[in-house]
Student: 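Take a look at the following structure, please.
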Amino acid sequence: MAAKGIKCVKGVRDIFPPEIDIWKFIENIWEETFSLYGFKEIRVPIFEYTNLFQRGIGESTDIVEKEMYTFTDKSGNSITLRPEGTASVVRAYVEHNLNKESPFNKFYYIGPMFRYERPQKGRYRQFYQIGVEVFDDNSPEIEVETLEMVNFALKKLGFSKYELNVNSIGCPECRPNFIKILKEKLNENKEKLCDDCKRRIDTNPLRVLDCKKESCKTVINEMPKITEYLCEDCKKHHLRLLKLLKGRKINYVENPLLVRGLDYYVRTTFEVVVENLGAQNAILGGGRYDGLVKELGGPDISGFGFALGLDRMVIALNENIKNSFQKNPDFYLAYFGENVIDYSFSILEKFREKGISVYTNFKGRSFKSHLRLANRLNSKFVILIGEDEVKNNKIIVKNMKEGTQREIKFDDLNSFLDEISKEN
RNA sequence: GUGAGAGUAGCUCAGUUGGCAGAGCACUGGAUUGUGGCUCCAGUGGUCGUGGGUUCAAAUCCCAUCUCUCACCCCA
């Protein structure tokens, strides 16, 4: 129980061992994968001027309208804790003219995002994303390479049951036309829809297509699909993408109902969903945002990227993989008696110089309680040092699993340690 | 922002019509004074989420509030 009155803020949390090992495992696999595919890290601030997000994400989106942590700083500027990463990366790209600096165009970021939402499974007010952005490449090919990279990393992480949903939501040329037609058709069937959907016809017509109620589903089945209303260029792009995905044998599901909540998306959108996450089942999502760089004051170049929710990925990660992270140091040093600490320190140093991690405890324990602790920590070996060992310049190494132990003379320590290093 | 459930020891949870605050696991010590796990014995540990109210008496009833969980909504 926490000390009186001291608690963390609603919707945020601490992450500590052993769970932190799972986080680092996931982060490492993504970073290794990014490196293989030629991405480099970019670090951007956690807060920005509010208008970056207003312009970037879209003034009327839910995120900007009601979910941002916005405050006024001491000089009267409106500041917002970032609710997502793309706007910041694009801002940095534009601000520093990175397109002129070098031809390099593939970036990834990792860090916390902030949204004021009601907490729920897989949804927190401070949550962590890893994301990638590719600038100045409007080809379907880069999309395929990126999706292949997603598959690559997810497989390495041990995900076997997931589904890649792909859609095209058109562009500012063709999408308004589709929405107009969809609204008309929905209004014709208005009486058959649930109350929520009746409201959505005006607020968010695309969202009606995603309703789970049976009565609505029958209506939805007869509704037009956005992919049938794409303009020539968008259609060409989309068909090329699907063809390439098939060629690369990347499994996907065409989902004409997949829409994104951020205004900047055009054409290709995609999402990876898993089963065991409850309502928040999307672990990764993204798409193309060709107009955003220009919108934020840069050249008219394209953008494509995705973000993944680390919190959700940790929850969804296969249970047996999670259990393999109970990793404490193999060695525990137990010392007891008068004037043995100097000797013990020198032994610890020897181990560490050879790259072998050792844990010990300085609370003046008896051998019994040392060993009990070592057992709890799952130590494989315990180094025992008492007055006798100091006097005779040796250590005892006990194998906890076998229950056996052997004496090592201090002079033989180096070769013993080399032997261990080789085994690991 | 809306709806439902929950909050008691470090953890998982009991606690009857209101009547001394409980168990298991964990922890500390001992049985075994330089050797873990198994067993036995003993011990530490609580502002019953918080603040009010009713009552001789509240973990229990009432009001408020905070947090967690799940769903709506939205998104990664």
Side-chain angles (χ1 to χ4, degrees), chain A residues 1-13 57 61-67 83-86 110-125 127-132 150 194-197 199-200 203-204 206-207 210-213 258-262 265 269-274 277-287 305-316 332 334-337 340 363 365-390 396-405:
Chain A
M1 195 55 54
K4 193 177 177 181
I6 302 180
K7 289 182 193 170
C8 70
V9 174
K10 176 172 180 166
V12 310
R13 63 208 179 114
I57 300 170
T61 57
D62 278 9
I63 293 176
V64 171
E65 261 185 359
K66 49 191 186 193
E67 295 176 0
E84 60 107 47
T86 300
I110 173 168
M113 307 295 162
F114 306 85
R115 290 182 202 172
Y116 186 87
E117 295 182 277
R118 194 77 171 263
Q120 195 177 320
K121 182 170 188 173
R123 192 170 84 181
Y124 306 96
R125 289 182 172 183
F127 60 102
Y128 295 81
Q129 287 193 336
I130 298 178
V132 311
V150 167
C194 68
D195 288 344
D196 279 338
C197 284
R199 182 174 47 78
R200 285 174 184 141
T203 58
N204 193 348
L206 293 173
R207 192 64 200 165
D210 203 22
C211 188
K212 281 130 199 154
K213 296 207 174 74
L258 175 66
V259 291
R260 309 256 92 218
L262 292 75
Y265 284 115
T269 59
F270 64 95
E271 193 170 86
V272 174
V273 297
V274 294
L277 266 181
Q280 311 299 320
N281 64 350
I283 55 170
L284 184 153
F306 68 82
L308 62 94
L310 259 175
D311 308 73
R312 291 181 187 177
M313 204 156 279
V314 169
I315 297 170
Y332 179 103
Y335 70 94
F336 184 70
V340 299
K363 277 158 77 174
R365 289 167 179 271
S366 62
F367 278 114
K368 187 194 193 112
S369 93
H370 269 303
L371 280 159
R372 207 176 282 163
L373 179 56
N375 191 58
R376 253 189 97 206
L377 290 168
N378 272 317
S379 307
K380 288 184 184 153
F381 301 95
V382 173
I383 306 151
L384 292 154
I385 296 174
E387 290 163 21
D388 212 33
E389 285 68 36
V390 175
I396 292 171
V397 176
K398 176 173 178 130
N399 181 323
M400 292 295 275
K401 197 174 168 192
E402 311 285 330
T404 57
Q405 59 188 49

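Letters A, B, ... are given to chains in the order of the sequence lines, protein chains preceding strands, and every chain is numbered from 1. Reckoned from all heavy atoms, side chains included, excluding hydrogens, waters and symmetry mates.
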Student: State which residues pass side-chain contact (heavy atoms from CB on, under 4.5 Å) with K121(A); sequence neighbours excluded, sorted by chain then number.
Tutor: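 By the side-chain contact (heavy atoms from CB on, under 4.5 Å) rule, K121(A) matches I315(A).
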
Student: So which protein nitrogen or oxygen atoms get under 3.5 Å of nucleotides 39-42 of chain B's nitrogens or oxygens?
Tutor:
none

Student: Which base sits across from rG34(B) as a Watson-Crick or G-U pair, both distances under 3.5 Å?
Tutor: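 Paired with no nucleotide.
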
Student: Run the side-chain contact (heavy atoms from CB on, under 4.5 Å) test against P119(A) and tell me which residues pass, sequence neighbours left out.
Tutor: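 side-chain contact (heavy atoms from CB on, under 4.5 Å) check on P119(A) returns K10(A), R125(A).
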
Student: Return the value, rounded to whole Å, for the distance between atom OH of Y332(A) and atom P of rG37(B).
Tutor: 14 Å

Student: Suppose you measure atom C1' in rU54(B) against the same atom in rU60(B); what distance do you get, rounded to whole Å?
Tutor: 13 Å

Student: For N375(A) and G122(A), find the nucleotide of RNA chain B closest to each by heavy atoms; which residue's nucleotide sits nearer the 5' end?
Tutor: N375(A)

Student: How far does the P atom of rU67(B) sit from the matching atom of rC27(B), given to the nearest Å?
Tutor: 34 Å

Student: Any side-chain heavy atom of E84(A) sitting closer than 4.5 Å to one from I63(A)?
Tutor: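 No. Closest side-chain heavy atoms not under 4.5 Å.
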
Student: Atom CZ of R115(A) and atom C1' of rA76(B): how far apart are they, to the nearest Å?
Tutor: 7 Å

Student: Kindly say whether, by distance alone, the side chain of E389(A) makes a donor-acceptor pair under 3.5 Å with the base of rG34(B)?
Tutor: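 Indeed, a donor on one side and an acceptor on the other fall under 3.5 Å apart.
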
Student: What does G403(A) touch in the nucleic acid at a heavy-atom separation under 4.0 angstrom: a base, only the sugar-phosphate, or nothing?
Tutor: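 G403(A): base contact, heavy atoms under 4.0 Å.
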
Student: Between rG3(B) and rU16(B), how many Å separate the two C1' atoms, rounded to a whole number?
Tutor: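 Pairwise C1' distance, rG3(B) against rU16(B), rounds to 32 Å.
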
Student: The side chain of M400(A) lies closest to which of these nucleotides: rU28(B), rA76(B), rG36(B)?
Tutor: rG36(B)

Student: Between M113(A) (CE) and rC74(B) (C1'), how many Å, whole number?
Tutor: 17 Å

Student: Suppose we screen for salt bridge (Lys or Arg N to Asp or Glu O under 4.0 Å). Which residues come up paired with E117(A), at least two apart in sequence or across chains?
Tutor: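 Here the qualifying residues are R123(A).
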
Student: Listing time: all N or O pairs from protein to nucleotides 65-69 of chain B that are below 3.5 Å?
Tutor:
{"from": "rC68(B)", "atom 1": "OP1", "to": "G11(A)", "atom 2": "N", "distance (Å)": "2.6"}

Student: My understanding is that only residues two or more places apart in sequence, or in another chain, count here; which of them pass side-chain contact (heavy atoms from CB on, under 4.5 Å) with K363(A)?
Tutor: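 Counting only residues at least two positions away or on another chain, K363(A) forms a side-chain contact (heavy atoms from CB on, under 4.5 Å) with N361(A), R365(A).
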
Student: Identify whether any heavy atom of D388(A) sits under 4.0 Å from a base atom; if not, whether one sits that close to sugar-phosphate; answer base, sugar-phosphate or nothing.
Tutor: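 The answer is base, as D388(A) lies within the cut-off (heavy atoms under 4.0 Å) of a base atom.
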
Student: Hey, does I396(A) reach any base, or is it just sugar-phosphate, or nothing, if we go heavy atoms under 4.0 Å?
Tutor: base

Student: Look at the side chain of D62(A) and decide which nucleotide, out of rA76(B), rC73(B), rG34(B), has an atom nearest to it.
Tutor: rC73(B)

Student: Can you find a donor-acceptor N/O pair under 3.5 angstrom joining the side chain of K398(A) to the base of rU35(B)?
Tutor: yes

Student: Mind checking what makes side chain to side chain donor-acceptor pair (under 3.5 Å) contact with R13(A), not counting sequence neighbours?
Tutor: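 Only D311(A) meet the side chain to side chain donor-acceptor pair (under 3.5 Å) criterion with R13(A).
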
Student: Does K380(A) have any salt bridge (Lys or Arg N to Asp or Glu O under 4.0 Å) partners at least two apart in sequence or in another chain, and if so, which?
Tutor: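 Checked K380(A) against salt bridge (Lys or Arg N to Asp or Glu O under 4.0 Å); matches are D330(A).
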
Student: Whole-Å distance between rG29(B) P and K368(A) NZ?
Tutor: 9 Å

Student: Rounded to whole Å, please give me the gap between CZ in R372(A) and C1' in rU35(B).
Tutor: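 Computing the R372(A):CZ to rU35(B):C1' distance gives 11 Å.
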
Student: Does the ring of F127(A) lie flat against the base of rA76(B), closer than 5.5 Å centre to centre with planes under 30°?
Tutor: yes

Student: Using atom P in both nucleotides, what's the gap between rU33(B) and rG51(B) to the nearest angstrom?
Tutor: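 Going atom to atom, P in each nucleotide, I get 49 Å.
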
Student: Expressed in angstrom and rounded to an integer, what is the separation of Q405(A) atom CD from rG36(B) atom C1'?
Tutor: 11 Å

Student: P atom, rA42(B) versus rC25(B): distance in rounded Å?
Tutor: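 Approximately 13 Å lies between the P atom of rA42(B) and that of rC25(B).
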
Student: Specify the separation, in whole Å, of atom CG of L258(A) and atom C1' of rA76(B).
Tutor: 13 Å

Student: Fit a plane to each ring of H370(A) and Y335(A), take the angle between them on a 0 to 90° scale, and name the class: parallel (under 30°), tilted (30 to 60°) or perpendicular (over 60°).
Tutor: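 Taking Y335(A) first and then H370(A), their aromatic rings sit tilted (interplane angle of 30° to 60°).
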
Student: Which residues pass the side-chain contact (heavy atoms from CB on, under 4.5 Å) test with S379(A), not counting sequence neighbours?
Tutor: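 Partners of S379(A) under the side-chain contact (heavy atoms from CB on, under 4.5 Å) test: Y332(A), A374(A), L377(A).
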
